[in-house]
Amino acid sequence: MIYFFADNHFNTHAGKNIFHALTPALQERVRFFEDDFTLLEEGAWADNCDLLILHLIGNTCGLPHPGSGAEKAVKKYCQQGGNLLLLHGSSAAFWQWEWWRHITGVRWVRPKDPDGVEPSVHPHGECSLTVCKCRHELANKLRPFELPEDEVYTALEQTSPALFLMMGTVNGQSFPQCCESYTPWGGKVINFIPGHKENCVKTPALTDNVEILIRYLTNCPEQV
């Protein structure tokens, strides 16, 4: 089972829009929750989770930061070698947990960061996404695309070695927008950062790339 936890992302409902853009067959494999961390906190999901997808930032959107039950379950899942797909700013999903801040590959840094790291930023503008020239199987599968004016997350902190898979160019500057890294327990971490406003999240190539990443992280064939 794939578990997908999201917040409303400042009433853009970005995670929900991505979920509804997945193919029906893939949607059947996903349990999606928006603004509801009850199951996340209960922790029972961790033992039958094939992939944990997040589209949330802790302590935003009028929601509390997930608590100790969620931390225990997420850490258990990660320690079992579980894979993570972190959409948009979800490297900060659990930014109040010290161990989480070290394992996301790249990290969206919140104001008043506990580690004293300078906050990340998000310039606005049209964004062009290109696939990096690299020796990775995803380099031949991910699709380049254009986004209309959007909020683009940049100035991330690199917390562990990461292979960059896509770059985004906004206002004449290029920034990593998709990368792969590994947790200390061997699980894959994919950060896929673009997509904030509703019209951007609903860009077909963006959601196609999310589906490609889900299939990669779950060893799922091209047709599900």
Side-chain angles (χ1 to χ4, degrees), residues 1-19 29-120 122 151 153 156-160 181-193 195-196 201 210 213-214 217-218:
M1 182 64 67
I2 298 169
Y3 290 89
F4 188 165
F5 296 96
D7 56 29
N8 64 66
H9 200 58
F10 307 100
N11 294 314
T12 66
H13 304 285
K16 181 184 290 185
N17 288 329
I18 289 173
F19 169 70
R29 300 182 57 217
V30 179
R31 292 193 65 186
F32 175 80
F33 303 86
E34 183 186 74
D35 292 350
D36 183 358
F37 300 153
T38 304
L39 184 69
L40 185 70
E41 292 281 4
E42 290 174 350
W45 59 271
D47 287 324
N48 73 330
C49 182
D50 299 315
L51 174 64
L52 178 60
I53 304 175
L54 302 172
H55 198 309
L56 65 95
I57 298 175
N59 200 34
T60 62
C61 306
L63 300 169
H65 190 288
S68 59
E71 180 173 13
K72 181 179 179 180
V74 173
K75 191 167 188 179
K76 175 182 178 181
Y77 171 76
C78 290
Q79 288 177 327
Q80 292 171 343
N83 295 337
L84 301 168
L85 177 55
L86 306 180
L87 301 176
H88 202 35
S90 295
S91 57
F94 310 123
W95 63 275
Q96 293 182 3
W97 304 344
E98 191 276 337
W99 66 273
W100 175 265
R101 297 194 298 273
H102 293 270
I103 72 163
T104 59
V106 296
R107 182 170 75 99
W108 171 250
V109 183
R110 303 290 296 155
K112 298 181 180 179
D113 178 61
D115 298 329
V117 179
E118 184 177 350
S120 301
H122 43 66
E151 178 181 281
Y153 283 13
L156 307 176
E157 180 195 17
Q158 186 167 353
T159 63
S160 59
S181 59
Y182 290 84
T183 70
W185 307 283
K188 295 176 181 177
V189 181
I190 296 281
N191 275 274
F192 186 71
I193 301 166
H196 176 83
V201 172
V210 171
L213 294 171
I214 293 172
L217 289 168
T218 58

Among Asp113, Thr159, Asn191, the one residue meeting side-chain hydrogen bond (donor to acceptor under 3.5 Å, both in side chains) with Arg107: Asp113

With His9, the side-chain hydrogen bond (donor to acceptor under 3.5 Å, both in side chains) member among Glu34, Lys16, His88: His88

Rounded distance [0.5 Å steps], [atom1] in [X] versus [atom2] in [Y]:
X: Thr218; Y: Leu213; atom1: OG1; atom2: CG; answer: 10.5 Å
X: Leu86; Y: Thr104; atom1: CG; atom2: OG1; answer: 7.0 Å
X: Ser90; Y: Trp108; atom1: OG; atom2: CH2; answer: 12.0 Å
X: Leu84; Y: Cys49; atom1: CG; atom2: SG; answer: 8.5 Å

ring-ring contact (aromatic ring centres under 6.0 Å, His included) partners of Phe33, counting only residues at least two apart: Phe5

Just list the side-chain donor-acceptor pairs under 3.5 Å for residues 52-66, sequence neighbours left out, or say none.
from	atom 1	to	atom 2	distance (Å)
Thr60	OG1	Ile57	O	2.7
His65	NE2	Trp95	N	3.4
His65	NE2	Gln96	N	3.2

Would you say that [X] contacts [Y] through its side chain, given a criterion of any heavy-atom pair below 4.5 Å between the two side chains?
X: Thr12; Y: Val201; answer: no
X: Tyr3; Y: Leu40; answer: no
X: Leu156; Y: Ile193; answer: yes

Under 3.5 Å donor-acceptor, [X] side chain and [Y] backbone:
X: Asp50; Y: Met1; result: yes
X: Thr183; Y: Ile103; result: no
X: Asn83; Y: Lys188; result: yes
X: Asp115; Y: Val117; result: no
X: Glu41; Y: Ala70; result: yes

Geometric class of the Phe19/Phe32 ring pair [parallel <30°, tilted 30-60°, perpendicular >60°]: parallel

Donor-acceptor side-chain pairing of Glu71 and Trp99 below 3.5 angstrom: yes

Taking all heavy atoms of [X] and all of [Y], pick out the closest pair and write down the distance.
X: Val210; Y: Leu87; answer: CG2-CD2, 4.2 Å
X: Gly105; Y: Ser181; answer: CA-OG, 3.3 Å
X: Arg31; Y: Leu39; answer: NH1-CD2, 4.1 Å
X: Pro119; Y: Pro111; answer: CG-CA, 3.9 Å
X: Ala46; Y: Ala73; answer: CB-O, 3.8 Å
X: Tyr182; Y: Ser160; answer: O-OG, 4.5 Å

Listed once per pair and sorted, the salt bridge (charged side-chain N to carboxylate O under 4.0 Å, His left out) pairs that draw on residues 74-95, sequence neighbours left out: Asp47-Lys76

